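Whatever order the structure lists ligands and atoms in, that order sets their numbers, starting from 1. These figures come from a predicted structure and were not determined experimentally.
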Amino acid sequence: MKIKALNGFKDILPEEVGLWNRVESLARNLLERYSFAEIRLPVLEKTELFARSIGEATDIVEKEMYTFVDKQITMRPEATASMVRAYIQNGLYVQKPVQRLFTIGPMFRHERPQKGRLRQFHQMSVEVLGSDSALVDAELMALASAFFEELSVNVSLELNSLGCPECRPAFREELLGFLESKQENLCNDCQRRRKTNPLRVLDCKNPQCRELVKDAPSILEHLCSGCSEHFEKVRSCLAKLGIDYSLNKFMVRGLDYYCRTTFEFITKDLGAQAAVCAGGRYDGLVKQLGGPDLPGIGFAMGLERLILLLQQQEVTAATLATDLFVAGLGEQAGEYAYSLVNQLRKRGLRVAMDHAGRSLKSQMKQADKVNASFVLIIGDDELKNRAGLLRNMSSQEQQSVELSEDEVEAVVSCLL
Ligand code: ATP
Ligand code: MG
């Protein structure tokens, strides 16, 4: 019986990896320009880290985590909690008052797999720890938006504020009152959410629930003066940076740690999987996880969704490139080619060869498949005369090269 990958776990094949590398290197380059440092975090963490940060009554913690029950450990479903854990554990706040960090890697959630929704997926997570300035909120949105611009991906930014522990409870009460009148017609999930996490009802995807909450109270009208000022400042900074956005009072985000600014970059081109990037402020989280009372804000970009968008735009990236394919014809020529290839690789050339003693025709096909710029053909007869035939694959020109004492230099000098 053939063993297949788990449902929702996907191979990223060589022909796709070029695009992934391009996206990741563009991201690293951009993040450097915005003064962010990379951090690499473990994939496994204590279950409690996610339960305490993301929140018990969230989709992620309730039903999406891969948890080893016997060991109380969990495959990370997102990176912010781990980032904050590392920030506290390594005393990064002592080293620098404001830490600007990013990480790129796989996350794990037990969801129903579909296009743009996997069980192992990748996020680029960008976080600023130690600053509550509205300038930082807008700067992060500007960074994400510059990235989409560089990739020519068309997305729109939606913005909301979730208030803080001071102003949210009153809003929650008012929302609860509103939901009570709609209770019977809410979907089963929302009937449950209404009790555990009523704000989540606002972003239910069920069309009937959407219709029902259309006139729900808006958090933006319940912000305390601190949150309201902060939000206005974020908006004025966005205007200063020339970033377009629209307000979305229904965006509440599915993680408990958010407060104040929340935002999502949305696409129309991926069906229900509309959010390509999502984030927000989490000022209480560091303290909640046992660290000092320091604020934070960040976003996570879903790389599969971004790659899908690029593929839909037929953006591809260069696949494997090879400088030289060495075709040895015959036993002795094959052996000779084998050590020649090794020396050429050490000299810095990208070199390929065939190991099965195939015909010239078949080796030329292989050379094509690896996009070889040149092919060096060596037969047993040529070897006797210390000569090879070098073919330029784009011009089809051929020239004889002498494989004298210093074969490597001879070939290298022809190629460079
Ligand atoms: P969604 O509403 O699509 O479930 P989410 O709110 O659960 O998203 P976040 O936890 O905010 O997502 O994660 C940030 C980003 O990571 C999302 O905007 C999305 O691009 C990506 N993402 C989240 N879950 C998955 C998944 N299962 N497969 C692929 N990408 C995902
Ligand atoms: Mg989700």
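- Nearest to atom 9 (P) of ligand 1 by heavy-atom distance, out of Gln114, Arg253, Arg117, Glu78, is Arg253.
- At under 3.5 Å, a nitrogen or oxygen of Arg305, whether backbone or side chain, sits near a nitrogen or oxygen of ligand 1.
- In this structure, Gln273 falls outside the shell of residues with a heavy atom less than 4.0 angstrom from ligand 1.
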| task | Output, in order, the C-alpha distance, side-chain angles, deciding distance and verdict of side-chain contact (heavy atoms from CB on, under 4.5 Å) for Asn185 and Lys182. | result | CA-CA 6 Å; Asn185 299 315; Lys182 314 278 175 194; 5.8 Å; no
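- Within 6.0 Å of CZ in Arg40 there are 12 or fewer heavy atoms belonging to other residues, nucleotides or ligands.
- Close approach of ligand 1 to Val276 (heavy-atom distance below 4.0 Å) involves ligand atoms 18 (O), 20 (O).
- Here Asp59 has no heavy atoms under 4.0 Å from ligand 1, in either its backbone or its side chain.
- Residue contacts with ligand 1: Gln123 is included, with a non-hydrogen atom under 4.0 Å away.
- A side-chain donor-acceptor contact under 3.5 Å links Asn160 to the backbone of Asn248.
- Checked against the 6.0 Å centroid threshold, Phe265 and Phe148 count as a close aromatic pair.
- The pair Glu38-Arg28 meets the salt-bridge criterion, with a side-chain N (NZ, NE, NH1 or NH2) lying under 4.0 Å from an Asp/Glu carboxylate O.
- The ligand atoms of ligand 1 that sit less than 4.0 angstrom from a heavy atom of Ala300 are 14 (C), 15 (C).
- Between Phe121 and ligand 1, no pair of N/O atoms sits closer than 3.5 Å.
- There is no side-chain donor-acceptor pair under 3.5 Å between Gln363 and Arg358.
- If you number the atoms of ligand 1 from 1 as listed, the ones under 4.0 Å from a heavy atom of Ala275 come out as 17 (C), 18 (O), 19 (C), 20 (O).
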